[in-house]
> 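Take a look at the following structure, please.
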Amino acid sequence: MRDKYCGLVSRDDIGKVIELAGWVFRRRDHGGLIFADLRDITGIVQVVFSPELSREAHEQAGEIKQEYVLKVTGRVEKRPPETENPNMPTGDVEVLVSSFEVLNASKPLPFQLDEEEPNESLRLKYRYLDLRRPEIQKIFIARHKAYKITRDYLTENGFFEFETPFLTKSTPEGARDFIVPSRLNAGMFYALPQSPQLFKQILMIGGFDRYFQIVRCFRDEDLRADRQPEFTQIDIEMSFVGVEDVLALGEGLVIALYRELKGMSAGFPIPRMTYADAMERYGTDKPDLRFDLPLADITNIFQETGFGVFKKTIEGGGIIKGLVLKGKTLSRKDLDTAVDAAKDMGAGGLIWIRKENDALQSPVVKFLKDEEKASLTGAFDLANGDVVFIVADKRNKANEVMGRFRQYIGETFGLIDKGTDRFLWVTDFPLLEYSEVEKRYIARHHPFTSPKESIRNFNGDYESIIAKAYDLVLNGVEIGGGSIRNYRMDEQLEMFRLLNIKEEEAVEKFGFLLEALEMGAPPHGGIAFGFDRILMMFLGLESIRDVIPFPKTQKGACLMTGAPSKIGQKQLNELKINTIVR
RNA sequence: GGGGUCGUAGUUAAGCCUGGUUAUAACGCCGGCCUGUCACGCCGGAGGCCGCGAGUUCAAUUCUCGUCGACCCCGCCA
């Protein structure tokens, strides 16, 4: 049907008669002469309909409109002098059409492909039109490259690619499951996997040594700019490894992807930070290191303070945490806005102290002793114009609030170097965290994560147990995470005990794994990367929807197909399901 | 579950704060002209449930409330 792709027509083809096929991108009708840009996946080339070459083709070309699908036959010519277009790759040639065929017509489109983006719901409803846009096509070509790099890299490193079931078993921990009714077992349900966690561990126990899968995962939770209910992970598991082996392997993959997608290597090797340091210094387990602005614990300055808020906090075992913003001129309104922002982030209050005319000024300065002012000035090396922001609260709350506030300050005052990418491994996560909702400890990573030291060494102080767990963070966004797993039955049972999962429940939910752990399970661990998030970040895009061909809206709808939708009574009857919508 | 932004020709926006005119522009569409354009140009034309529903008012695109949809955030996301 065609000899050549549109975007690949070049000077080498001059003089040849070729057949091309593609879409009419733009048409320029001069009456006596008609130009059209013919587009396919490779790019565009100008085709010319001239009555001097073919009166019939020229006349027929009066009919063609945008997005008509054409097959054209014509001779490739060098463009006449002064008419070359240096802005397009095929701009020094054109195809003089001797005959053409309209393979398909097109109605006028609901939006123009070459103009400003229409709103996203229209793009999603007519996704096939959106996908025709060259800048969108670039994204999915990049996505394809990323699949290939991943497969090549992991294959070279001894990994085997597997598929694991999508119709699987609901697990009690973690995100909400999507469920699928079983027709053959009335009243029973499959769950779509949140991740192939247990299957990949079983594959290690099955002796495959190294597993990977580029796999869809499903989580029935609310959506965000970087979260979809179904998303893709690069899932990796390795046998006979420790933390360092997994990080090295993962880092190699990220380097390879970054080099291909960004066309450069930067920021490697990836620095490390423990979870505890990240929380103390940046107030988050995924710090954005594109700007520094560290948090400082200034509790000791106020040990003897007469300022009621600080005094109460310290007496209650809390801490006082501050950060300093230097080199910016803040108005009173900026400060008030910052206080409101901090309150929205959950702060009980935010105190600002500004150095102006060599004196500290603040609504609270009258409550501070001279030595406290001096210590504060020293601790933050205050110069005129600098502002210290302070929060006093329980340790976790103070860190968390200040972490968010730090990000707010970074964004509001332009401290973030948008042109850079800062990767970070965060290591040594706590194994557990206490859930106020469930009134028990829950696994911070997942219930199969191995502690650094045996749980038996801890007596009650369970929140201090460190896990062999790690996350990869890029510019404040988590793009991967994993752990070394428990590979012995007794250790896994200890973990379940801490999680208050009774043995019979554990056996009911994960019996196959526990049994397997008793039959020669090798030490193993792994990591999973958020494939969509990596693409979004590496391509500099704002939304995960931009890297997914058919994404869902914030309410989980597909605007093109209309999913989710009601199903008929016949289907419900087969499933023996009644629906009650409350 | 909660907070916020947005919704006006096919599309992208303006108008709304401060209620009253024929609701404006660009692109697209339709008709005409044009042999070197490439965001072609020129002339003419059609095209509107101002998301939907209430309320306030003599009068609502404009103000208020509700609702639907899209988006951003909190909760949630092992």
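Chain letters run A, B, ... following the sequence lines, proteins first, then strands; residues in each count from 1.
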> Atom pairs under 3.5 Å, N or O on each side, protein against nucleotides 1-3 of chain B: can you list them with distances?
from	atom 1	to	atom 2	distance (Å)
B/G1	O6	A/Asp222	OD2	3.4

> Between A/Arg176 and A/Pro118, which has a closest nucleotide on RNA chain B that is more 5'?
A/Pro118
> Taking RNA chain B as the partner, which of residues 543-555 of chain A come within under 4.0 angstrom of it by heavy atom?
A/Arg545, A/Thr553, A/Gln554, A/Lys555
> A/Asp177: which residues meet the salt bridge (charged side-chain N to carboxylate O under 4.0 Å, His left out) condition with it, sequence neighbours left out?
none
> Which of residues 479-503 of chain A sit near RNA chain B, with a heavy atom under 4.0 Å from it?
none
> Go through the structure and list residues passing salt bridge (charged side-chain N to carboxylate O under 4.0 Å, His left out) with A/Arg545, not counting sequence neighbours.
A/Glu120
> How would you label the contact of A/Lys65 with the nucleic acid (heavy atoms, under 4.0 Å): base, sugar-phosphate, or nothing?
sugar-phosphate
> Is a donor on one side and an acceptor on the other found under 3.5 Å between the side chain of A/Ser565 and the backbone of A/Gly562?
no
> For A/Asp220, which residues count as a side chain to side chain donor-acceptor pair (under 3.5 Å) partner, sequence neighbours excluded?
none
> Test of understanding: with side chain to side chain donor-acceptor pair (under 3.5 Å), list the residues that count as partners of A/Gln228, not counting sequence neighbours.
none
> Show every side-chain hydrogen bond (donor to acceptor under 3.5 Å, both in side chains) that has at least one partner inside residues 470-481 of chain A, sequence neighbours left out.
A/Asp421-A/Asn475
> Give each protein N/O atom lying under 3.5 Å from an N/O atom of nucleotides 13-16 of chain B, with the pair distance.
none

> Sequence neighbours excluded, which residues qualify as side chain to side chain donor-acceptor pair (under 3.5 Å) partners of A/Glu542?
none
> What string of B, S and - do you get for nucleotides 33-45 of chain B 5' to 3' if you count protein non-hydrogen atoms under 4.0 Å?
-BBBBBSB-----
> Which residue pairs pass the salt bridge (Lys or Arg N to Asp or Glu O under 4.0 Å) test with at least one member in residues 192-201 of chain A, sequence neighbours excluded?
A/Lys200-A/Asp235, A/Lys200-A/Glu237
